[in-house]
> 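Below is the structure I would like to discuss, written out as structure tokens.
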Protein chains: 2
Amino acid sequence: MAQANAGDGTVGKALDALDQVASMGRPVRFAELLEESAYPKATLYRFLQTLTNQGMLSYDARSQTYSLGVRLVRLAHAAWRQSSLAPIARPYVEDLAREVQATVHLAQLDGGQVLYVDKQNPSNPINMYSESGKVGPGYCTGVGKAMLAFVDEATLERALTQQTYHRHTENTLCSPQELMEELREIRKTGISFDREEHEMSIICLAVPILSSQDRVLGAISVTNSTHRTSLDELKKFAPILKACAKNIADTAESWRFPEHDKLAK
Amino acid sequence: MAQANAGDGTVGKALDALDQVASMGRPVRFAELLEESAYPKATLYRFLQTLTNQGMLSYDARSQTYSLGVRLVRLAHAAWRQSSLAPIARPYVEDLAREVQATVHLAQLDGGQVLYVDKQNPSNPINMYSESGKVGPGYCTGVGKAMLAFVDEATLERALTQQTYHRHTENTLCSPQELMEELREIRKTGISFDREEHEMSIICLAVPILSSQDRVLGAISVTNSTHRTSLDELKKFAPILKACAKNIADTAESWRFPEHDKLAK
DNA sequence: CCCTTTGTTCCAAATAATGAAACTTAATTT
DNA sequence: AAATTAAGTTTCATTATTTGGAACAAAGGG
């Protein structure tokens with residue numbers, strides 16, 4: 001994994017290092033990080049020290065390993081509450097899951113990737129944190145395509161280059177061309193399918209959550225398996241999904257921007 | 001709110017700015033931040049730009065406000081999974097909550113403060129993320145005192161200075177002296193009470209989670225209200241709590257340090 | 001004991017951060 | 001509509017920090 005991120009001076013580089021530790025998914029030693037890092041020994045070393053001082057990383061002297069620090073958990077709690085749609089959308093998502101009797105995902109766009117910020121499973125309404133924060137590919141998930149179809153030109157272009165296309169199943173759209181065509185279709189209908197593109201026997205129906213100025217706020221989806229339902233069956237939920245998305249968008253806007261009504265004329 | 005954090009060059013300062021946004025708890029405008037900031041206009045401005053570029057903040061052009069970015073949610077998910085005790089302790093905490101039929105908290109120390117990383121409520125096993133990441137005072141909570149009682153001299157001293165003592169109730173321990181005395185007692189018995197010190201009618205029993213080298217990994221507690229139980233009743237759970245803490249510690253150690261068994265001799 | 005690996009510190013050169021001030025919008029008042 | 005104020009953004013010479021090769025220290029073998 002090469003260092004993707006160039007710009008933004010010292011801070012950007014230090015955050016690169018932070019991401020690198022995060023991407024390992026376990027406590028790591030200095031040498032391991034050095035191997036994969038684009039930065040020289042002393043430089044990386046200082047970054048890790050700084051981040052540790054700052055509580056963004058924690059260092060275990062016994063095993064000489066770095067892990068992500070608790071400060072992140074604190075920050076993230078605030079981030080999830082103030083910046084994600086999840087707390088606002090929660091009641092609507094719950095209702096939707098109950099109504100469709102299937103798993104509902106709430107996602108937002110993060111770079112070219114899909115970031116899941118909430119999940120509701122009607123049969124097992126538990127265990128939220130373990131799903132929030134997961135990331136998925138943008139080009140082969142229902143929510144990903146639903147969002148990409150409605151972002152502005154510039155964002156889309158950037159997002160498309162950030163995809164690393166991989167043929168997960170025989171249905172996966174593996175090129176920007178195929179994807180663009182699909183997105184055109186989605187823009188027309190307002191709904192997006194995952195036709196076993198990411199994982200066999202998993203299908204889903206997704207719709208974007210759009211602000212009143214048609215800015216993409218996020219997306220919601222209903223997921224199910226081909227053993228329990230079909231695309232045609234799922235499609236029947238489109239109106240409910242759209243209504244739910246509308247509700248979330250309205251609530252989000254009135255919540256996040258209670259003043260400045262002028263512009264909305 | 002003055003800037004607390006000095007050291008650590010540019011990165012530290014930028015993270016200060018990040019924390020500042022987090023502490024506001026809502027989207028904020030540049031001017032608001034500038035007012036409270038220790039940094040000059042242009043400097044703060046560049047920090048915000050950098051953090052936004054990096055996805056740690058997000059900027060809404062419409063309302064000209066900064067909020068925490070989605071990248072944090074992603075990082076935090078990784079942090080919670082790899083760095084907190086929560087995923088390891090989850091099954092034990094669940095069992096405990098069922099057994100004692102009361103709310104169980106799992107906490108870790110972050111600076112002088114208590115960071116809650118998991119919570120189980122037997123009657124309503126749901127809604128996790130909203131609790132993880134919350135912080136509380138160290139000096140007047142069961143888990144806080146349980147952990148402080150067993151940390152090393154240096155950490156304790158630093159933690160004590162970081163408390164801002166406030167008499168929440170008539171039982172709150174409001175000085176380092178009172179607290180130290182209490183900690184001595186806790187060290188002797190291995191259990192810690194919250195005798196309505198943080199909130200009236202809320203009591204709790206907590207025990208520390210200690211590694212085999214007696215390093216403080218975290219703490220667990222059983223919380224209840226005085227209307228439903230008493231301190232004496234709670235005290236009866238001490239053995240179960242201790243056993244649970246032991247289990248968590250053992251699992252944590254074997255999980256996080258699968259190799260290097262030599263030192264444990 | 002020597003050699004290797006891994007982690008830490010130094011320091012002069014290179015680079016990036018700094019912040020006062022100038023500038024540009026945008027909003028409000030006259 | 002012009003003038004005034006406020007809010008946000010850019011500039012640039014100065015200053016301070018980062019940089020990274022290389023030397024150093026410590027731990028682990030052979």
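Every chain is numbered from 1, with letters handed out A, B, ... down the list of sequences. Just so it is clear, the values below take in all heavy atoms, side chains as well, and ignore hydrogens, waters and symmetry mates.
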> Between B:Tyr59 (OH) and D:dA7 (P), how many Å, whole number?
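About 14 Å, once rounded to whole Å.
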
> Side chain to side chain contact (heavy atoms under 4.5 Å, CB included) between B:Lys145 and B:Leu179: does it pass, once the steps are laid out?
CA-CA 8 Å; B:Lys145 292 189 295 179; B:Leu179 185 56; 4.1 Å; yes

> Where do B:Ile220 and B:Ile209 come nearest, in terms of heavy atoms and distance?
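Result for this residue pair: CG2-CD1, 4.0 Å.
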
> Rounded off to whole Å, could you give me the CD-to-P distance for the A:Gln64 and D:dA27 pair?
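Computing the A:Gln64:CD to D:dA27:P distance gives 9 Å.
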
> Rounded to whole Å, how long is the line connecting atom CD of A:Glu35 with atom C1' of C:dT5?
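So the two atoms are 13 Å apart, to the nearest Å.
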
> In whole Å, what is the span from the CG atom of B:Leu48 to the P atom of C:dG19?
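Distance check: B:Leu48 CG to C:dG19 P gives 15 Å.
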
> So how far is it from B:Leu57 CG to B:Leu68 CG, rounded to the nearest 0.5 Å?
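Spacing of CG (B:Leu57) from CG (B:Leu68) equals 6.5 Å.
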
> Can you check the A:Glu32 CD to C:dT5 P distance for me, whole Å?
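Rounded to the whole Å, the gap is 17 Å.
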
> Let me know the distance between CG of A:Leu44 and P of C:dT9, rounded to the nearest Å.
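These atoms are roughly 15 Å apart.
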
> Using five base pairs at each end, measure the axis-to-axis angle across the helix from C:dT4-D:dA27 to C:dT30-D:dA1 and round it to 10 degrees.
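Inter-axis angle at the ends, rounded: 30°.
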
> To the nearest 0.5 Å, tell me how far A:Ser211 OG sits from A:Ile248 CD1.
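Those atoms lie 13.5 Å apart.
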
> When we call it a touch if two heavy atoms are under 4.0 Å apart, what does A:Ala31 touch: a base, just sugar-phosphate, or nothing?
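Sugar-phosphate contact only - A:Ala31 comes under 4.0 Å of backbone atoms but never of a base.
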
> CD/B:Gln54 to CG/B:Leu18 distance, rounded to the nearest 0.5 angstrom?
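It comes to 11.5 Å.
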
> Hey, could you give me the OG/OH distance between B:Ser221 and B:Tyr116, rounded to the nearest 0.5 Å?
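It is 6.5 Å, given to the nearest 0.5 Å.
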
> Once you round it to whole Å, what is the distance between P of D:dT9 and CG of B:Leu33?
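Value for this atom pair: 12 Å.
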
> In whole angstrom, what separates A:Tyr45's OH from D:dA23's P?
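It is 19 Å, rounded to the nearest whole Å.
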
> So if I define the base as every atom that isn't primed, P, OP1 or OP2, how would nucleotides 12-18 of chain C read as a B/S/- string at a heavy-atom cutoff under 4.0 Å?
----SSB

> Please determine whether side chain to side chain contact (heavy atoms under 4.5 Å, CB included) holds for the pair B:Met180 and B:Leu156, giving the CA-CA distance in whole Å, both sets of side-chain angles, and the decisive distance to 0.1 Å.
CA-CA 10 Å; B:Met180 284 300 282; B:Leu156 176 60; 3.9 Å; yes

> Nearest to the B:Tyr66 side chain among D:dT9, C:dT9, C:dG19, which nucleotide is it?
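Among the listed nucleotides, the one closest to the side chain of B:Tyr66 is D:dT9.
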
> If you count every heavy atom of other residues, nucleotides or ligands that lies below 6.0 Å from A:Glu157 atom CD, does the total exceed 12?
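No, because the 6.0 Å sphere around CD of A:Glu157 holds 12 heavy atoms or fewer from other groups.
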
> Testing B:Asp110, B:Asp19, B:Asp16 one by one against A:Arg71 for a salt bridge (Lys or Arg N to Asp or Glu O under 4.0 Å), which residue passes?
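Exactly one pass, corresponding to B:Asp19.
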
> Quick check: any donor-acceptor pair below 3.5 Å linking the side-chain of A:Lys41 to the base of C:dG7?
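In this structure, the two groups form a donor-acceptor pair.
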
